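Let me begin by presenting the structure, written as structure tokens, before commenting on it.
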Amino acid sequence: MTPEAWLLLAAGVLLLLVVWTGWTLTRLRRLAARVDRAWAALDAQLQRRAGLAEELARHHPAALGDDVRSRLASGAAGARAARDTGDRELAENALGHELRELPPDLPGVPAALRTDLAGTQTRVALARRFYNDAVRDTRELRGRRASRWAGLHRRRPLPRYFDIDDRLGDDDRLGDDDRLGDDDRLGDVGAGADVAGRLAS
Amino acid sequence: MRIGLVCPYRWDVPGGVQYHVRDLAGTLRGMGHHVEVLTPAQHEESVTDPWLTFAGRTVPVPYNGSMASLQFGPVSAARVRRWLRDGRFDVVHVHEPATPSVSLLVCMIATGPIVATFHAATTRSKWLAAVGPMARPWLEKISGRIAVSDFARRVQVEHLGGDAVILPNGVHVPFFADGPALPGLGRGRGGPPTIGFVGRFDEPRKGLPVLLEAMRSVVREHPGTRLLIAGRGDAEQLWSMVGAELRPHVTLLGEVSEADKAALLRSVDVYCAPNLLGESFGVILIEAMAAGAPVVASDLDAFVRVLDDGAAGVVVRRDDPAALGQALSDLLADPGRRAELAARGSRAAARYDWQVLARRILAVYETVLPPGGGVVTAAPEHDFPGVPPTGTAAGPPRIRRPRR
């Protein structure tokens with residue numbers, strides 16, 4: 001081949017590389033924004049859950065009993081503290097466990113608070129799934145050989161999965177199973193959506 | 001909330017996804033939300049409602065045993081862009097975005113919170129295997145993924161590499177539960193027993209040949225039995241399949257309206273779904289259960305789930321006319337069992353009411369909304385205006401990049 005042909009070929013390859021890099025950077029930027037958005041949503045729901053647990057422990061000690069009340073309060077405080085330092089997954093798991101262990105009918109607790117709590121728990125599960133989904137997509141693209149060799153977004157930390165046990169009861173109400181169980185289960189979710197709608201408006 | 005729904009299939013052709021979008025839109029509107037739908041159609045004239053926007057015509061391609069709508073091109077893209085700009089939606093909800101359709105186009109063009117629902121449950125789709133990875137860069141923009149069933153979610157996980165929340169298809173339960181029966185028919189009138197079948201009867205995967213074969217044994221035990229068939233398809237072909245001896249027992253209603261379908265389901269003594277493969281969900285079973293019809297269905301995974309592992313209906317081996325005929329005959333002979341199944345079916349169907357499911361979908365929308373709010377827009381168009389902008393802003397456009 002003549003030198004011109006070589007030059008042309010090299011230019012073509014270079015152009016392809018530039019286009020690919022630009023496109024991959026666009027994807028990575030979009031994914032980073034999506035991870036941030038998903039994290040903000042998850043963080044908001046987790047904080048809301050801790051806040052509701054605190055409210056429950058503070059204002060309705062009679063419904064819970066001393067033992068449960070103090071454990072719930074410390075769980076909520078732990079979750080709040082772990083937001084800045086410490087193992088957040090562990091703290092949120094502890095709080096989630098306390099909330100799951102609550103008796104199903106809390107006497108004297110206003111229905112609004114109960115449905116709000118149930119709705120928030122549902123949303124924690126949703127937000128966590130969407131966050132992990134975003135993390136998975138990002139890690140997949142970042143982990144490709146070409147992306148690694150090109151060093152795209154090398155200096156950014158790889159986003160971490162957030163794994164907590166966010167089941168809503170004895171079984172997974174929201175998750176891997178599309179069979180819907182007894183009616184009040186769905187009632188929780190629906191009522192929660194109502195409350196959140198009211199709060200949002 | 002301002003919600004934009006995108007239906008990838010032709011609006012004026014009946015189909016599960018279209019009904020899903022229509023019912024979801026109606027339910028959300030009933031809850032006081034602003035909902036608009038972007039959809040292709042066979043004829044532009046059939047897109048009449050003010051909340052519908054015509055996205056163009058489509059090229060049908062075979063997909064998962066049915067026809068999918070292929071749609072691309074600058075005209076469609078311009079329509080999508082205009083719809084997104086005019087709609088100023090808080091969230092855009094696309095359906096089945098893995099097919100090269102208007103849904104994927106919306107994923108490409110929109111910026112902002114996108115929710116997607118995946119319907120297909122096939123695991124052997126060459127289309128998906130080929131197109132899935134190519135669509136990936138745009139599917140990455142979806143913030144919240146919903147699958148209508150476990151199987152749809154599995155497709156999502158295996159072919160498209162993502163997780164999804166499972167929210168099943170919905171049914172307007174009251175629409176099917178309350179209303180008149182078909183004229184001259186009706187459960188408990190003491191007339192000849194009736195069996196119902198609804199679906200595109202010339203599609204082999206719907207399994208009508210199996211049911212017809214089973215009918216031969218059913219009419220031996222219950223001579224007056226009538227099979228009512230509603231749905232689209234080639235009538236000539238059907239009658240040749242039915243044959244002379246079975247012909248008096250079969251009534252073809254053809255394509256019926258939704259109201260007539262509900263009336264049919266309220267009329268029949270047994271509803272039969274002999275499908276062979278490819279059903280992602282089985283909305284028709286829920287509709288039948290909501291209408292109080294005892295259900296006999298083949299053992300597709302999706303059907304078994306909808307029927308509460310066989311507690312709310314009779315499940316028979318697929319593609320087994322003898323077993324199906326036996327199950328139908330037994331059920332027709334036992335009114336007590338029919339009543340029991342109908343009661344269980346009604347309870348099972350109540351969980352799939354749109355009122356319940358729309359709230360759950362709203363929870364998904366709320367989760368993907370950015371805390372400060374914001375609207376979905378079309379990404380900037382990559383062409384230059386004919387005239388250079390005047391005034392102070394004549395410099396090159398600055399690209400805003402969020403700093404983190």
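If you're wondering where the values come from, they're calculated on a predicted model, not measured in any experiment. So you know, we letter chains A, B, ... as the sequences are listed, proteins then strands, and number each from 1.
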Which atoms form the tightest heavy-atom contact between B:Thr117 and B:Pro97, and what is the distance? O-CD, 3.9 Å

Would you call A:Arg34 and B:Glu140 a salt bridge, using N to O less than 4.0 angstrom? no

Please flag which part of B:Ala164 lies under 4.5 Å from any non-hydrogen atom of chain A: side chain, backbone, both or neither. backbone

Less than 4.5 Å to any heavy atom of chain B: does that hold for the side chain of A:Ala127, its backbone, both, or neither? both

For chain B, which candidate among A:Asp133, A:Leu31, A:Leu141, A:Thr138 shows the most heavy-atom pairs at distances under 4.5 Å? A:Asp133

What verdict does the side-chain contact (heavy atoms from CB on, under 4.5 Å) test give for A:Val68 and A:Glu101, after you've listed the backbone C-alpha separation in whole Å, the side-chain angles of each residue and the deciding distance to 0.1 Å? CA-CA 9 Å; A:Val68 177; A:Glu101 296 290 298; over 6 Å; no

Go through the steps to decide whether A:Trp20 and A:Trp149 satisfy the test ring pair (Phe, Tyr, Trp, His ring centres under 6.0 Å), and finish with yes or no. CA-CA 13 Å; A:Trp20 174 83; A:Trp149 282 352; over 10 Å; no

